[in-house]
**Q** 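Please find one structure pasted underneath; my questions will follow.
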Amino acid sequence: MVETQLRRRGIRSERVLEVMGEVPRERFLPPESRSRAYADQALPLALGQTVSQPYMVAAMTEALELTLTDRVLEVGTGSGYQTCILSRLAAEVYSVERLEPLARSAELLLKELGCTNVHLRVGDGSLGWPEAAPFDAILVTAAAPDVPPSLKAQLSPHGGRLVIPVGDRFVQDLLKLTRHGDEFRQRRLMACRFVPLVGEEGWEGDGP
Ligand code: SAH
């Protein structure tokens, strides 16, 4: 997976490649998907959600440019797979999930795998985690109609990075915003497809 799906497609950070090689992806999947854990695809989770394709996880992680002193917010814990990867590259990870059963199973797994720097919360992550802000990096792993103002406000003004899929419910652009003071620079990284961010600053309801 690391060589053919990640390095060959342009993931360059040795640290990201190393961590992607270490974290056991199969542990985060339901039993029926485990045999495909290292396949080049997103895989179904419980409650209609998905674990992103390994390449997408690596590309988003690399784009965050994490250092070991960073405090990171993740919106959409899901299985906890991406959370586990972030936790090995940053100082503290705050992750919000709206579906309680997913958050509970992620919590158990992350504990078992020794991710002691992870803080989980059940709620609407489109509003961020104001009490723990500012964040050096924010990753949203669900698709938003626009960049939520609350997340921009919780990004560190000293070079904070926000990576988020923005578009309609079916196809999105993965955007990277970098904040310096009150100025946000925005770059499009690639096309992508995520499940919807459902919440006050996301989409309404679960939709079609
Ligand atoms: N990073 C996850 C991907 C999970 S899919 C993984 O590696 O497994 C996206 C997740 O975002 C889903 O679990 C979904 O329930 C969650 N989600 C959607 N809207 C949300 C919101 N407003 N706040 C928090 N989580 C949300």
Side-chain angles (χ1 to χ4, degrees), residues 1 16 19-20 23-30 33-34 36-39 41-64 66 72-90 93-110 113 115 118-130 132 135 137-151 154 162-170 172 174 192-207:
M1 176 188 89
V16 170
V19 169
M20 291 289 298
V23 173
R25 185 166 156 91
E26 69 280 3
R27 295 287 301 275
F28 294 89
L29 297 168
S33 312
R34 266 177 213 155
R36 286 177 291 155
Y38 296 92
Q41 62 188 97
L43 290 168
L45 265 184
L47 306 173
Q49 307 304 318
T50 52
V51 183
S52 304
Q53 177 195 20
Y55 173 71
M56 188 54 70
V57 173
M60 293 189 298
T61 307
E62 185 170 63
L64 291 174
L66 298 176
V72 183
L73 171 68
E74 178 191 33
V75 178
T77 316
S79 65
Y81 177 62
Q82 172 83 67
T83 323
C84 182
I85 289 178
L86 297 174
S87 80
R88 297 187 182 204
L89 295 163
V93 178
Y94 296 80
S95 186
V96 189
E97 170 56 53
R98 71 181 261 274
L99 301 173
E100 172 139 27
L102 293 181
R104 291 295 149 249
S105 88
E107 183 177 26
L108 282 177
L109 263 169
L110 290 164
L113 292 170
C115 304
V118 170
H119 313 270
L120 298 180
R121 167 188 274 191
V122 176
D124 178 6
S126 74
L127 303 173
W129 190 322
F135 300 100
I138 300 179
L139 175 60
V140 182
T141 65
D146 285 298
V147 182
S150 294
L151 298 185
Q154 290 171 39
L162 166 61
V163 172
I164 178 171
V166 173
D168 61 30
R169 282 180 178 247
F170 306 103
Q172 304 96 30
L174 187 67
C192 59
R193 188 189 165 100
F194 281 81
V195 298
L197 178 75
V198 178
E200 212 164 298
E201 295 186 26
W203 296 96
E204 249 173 64
D206 278 313

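Both ligands and their constituent atoms are indexed starting at 1 by order of listing.
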**Q** Can you check whether S95 reaches L86 side chain to side chain, under 4.5 Å on heavy atoms?
**A** no
**Q** Of all the atoms in ligand 1, which lie at a distance below 4.0 Å from a heavy atom belonging to V96?
**A** 24 (C), 25 (N)
**Q** Assess S126 for proximity to ligand 1: is some non-hydrogen atom of it under 4.0 Å away?
**A** yes
**Q** Taking the side chain from R25 and the backbone from Y38, do they hold a donor-acceptor pair closer than 3.5 Å?
**A**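 Flag not set: sc R25 to bb Y38 has no pair under 3.5 Å.
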**Q** Looking at atom 25 (N) of ligand 1, what's its closest protein heavy atom, distance included?
**A** R98 N, 3.2 Å
**Q** As an exercise, state the distance from CG of L139 to CG of L151, rounded to the nearest 0.5 Å.
**A**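 If I round to the nearest 0.5 Å, the distance is 10.5 Å.
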**Q** Under 4.0 Å from any heavy atom of L102, which atoms of ligand 1 are there?
**A** 13 (O)
**Q** L47: heavy atom below 4.0 Å from ligand 1, yes or no?
**A**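 Distance cut 4.0 Å: L47 fails for ligand 1.
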**Q** Between E97, E201, Q82, M60, which one has a non-hydrogen atom sitting closest to atom 16 (C) of ligand 1?
**A**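 Among E97, E201, Q82, M60, the closest heavy atom to atom 16 (C) of ligand 1 belongs to E97.
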**Q** Please examine the side chains of L43 and Y81, heavy atoms only from C-beta on, and report whether any two atoms are closer than 4.5 Å.
**A**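 In short, these two side chains do not touch, never coming nearer than 4.5 Å.
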**Q** Just checking, any donor-acceptor pair under 3.5 angstrom between side chains of S79 and Q49?
**A** no
**Q** Keeping T141 on the side-chain end and V75 on the backbone end, is there a donor-acceptor pair under 3.5 Å?
**A**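 Such a contact is found between T141 side chain and V75 backbone.
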**Q** Could you tell me if the side chain of L174 sits less than 4.5 Å from the side chain of V163, heavy atoms only?
**A** yes
**Q** Is the shortest heavy-atom distance from the side chain of P101 to the side chain of L47 under 4.5 Å?
**A**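 Side-chain contact under 4.5 Å: yes.
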**Q** With a 4.5 Å cut-off on side-chain heavy atoms, are L162 and V140 touching?
**A**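 Yes, their side chains come closer than 4.5 Å.
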**Q** If you count the atoms of ligand 1 from 1 in the order shown, which ones are under 4.0 Å from a heavy atom of G125?
**A** 21 (C), 22 (N), 23 (N), 24 (C)
**Q** I want to check something: taking the side chain as every heavy atom from C-beta on, are Q172 and I164 in contact at a cut-off of under 4.5 Å?
**A** no
**Q** N/O to N/O below 3.5 Å, does that happen between L45 and ligand 1?
**A** no
**Q** Using a strict cut-off of 4.0 Å, indicate which atoms of ligand 1 neighbour a heavy atom of T50.
**A** 3 (C), 4 (C), 5 (S)
**Q** Please work out, at 4.0 Å between heavy atoms, whether the side chain, the backbone, both, or neither of V195 comes within that distance of ligand 1.
**A**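 V195 to ligand 1: side-chain contact only, backbone stays beyond 4.0 Å.
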**Q** Run the numbers for me: atoms of ligand 1, each under 4.0 Å from some heavy atom of S79, listed by number.
**A**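 This gives 6 (C), 7 (O), 8 (O) as the contact atoms.
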**Q** Report yes if the side chains of T61 and V19 come closer than 4.5 Å at any heavy-atom pair, otherwise no.
**A** no
**Q** So is V198 polar-close to ligand 1, meaning N/O to N/O under 3.5 Å?
**A** yes
**Q** Check the angle between the aromatic planes of H119 and Y94 and answer parallel, tilted or perpendicular using the 30° and 60° thresholds.
**A**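 Because their plane-to-plane angle is under 30°, the rings of H119 and Y94 count as parallel.
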**Q** What do you reckon, does P196 put a non-hydrogen atom under 4.0 Å from ligand 1?
**A** yes
**Q** Just heavy atoms, cut-off under 4.0 Å: does L197 contact ligand 1 by side chain, backbone, both, or neither?
**A**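 Both parts.
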**Q** Starting from atom 14 (C) of ligand 1, find the nearest protein heavy-atom neighbour and note its residue, name and distance.
**A**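 Answer for atom 14 (C) of ligand 1: Q49 OE1, 3.3 Å.
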**Q** What protein heavy atom sits nearest atom 11 (O) of ligand 1, and how far away is it?
**A**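 Heavy-atom neighbour on the protein nearest atom 11 (O) of ligand 1: G76 CA, 3.2 Å.
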**Q** Please tell me if the side chains of P30 and P44 come closer than 4.5 Å, counting only heavy atoms from C-beta onward.
**A**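 Side chain of P30 against side chain of P44, heavy atoms only: no contact under 4.5 Å found.
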**Q** Any atoms of ligand 1 less than 4.0 Å from a non-hydrogen atom of L99? List them with their elements.
**A** 15 (O)
**Q** Need the ligand 1 atom indices (1-based, order shown) with element for anything under 4.0 Å from a heavy-atom of E74.
**A**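 The list of qualifying atoms is 1 (N).
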**Q** Where is the nearest protein heavy atom to atom 9 (C) of ligand 1: which residue, which atom, and how far?
**A** T141 O, 3.3 Å
**Q** If you count the atoms of ligand 1 from 1 in the order shown, which ones are under 4.0 Å from a heavy atom of G123?
**A**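 Here the atoms of ligand 1 in question are 23 (N), 24 (C).
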**Q** Decide whether an N or O pair under 3.5 Å exists between S52 and ligand 1.
**A** no
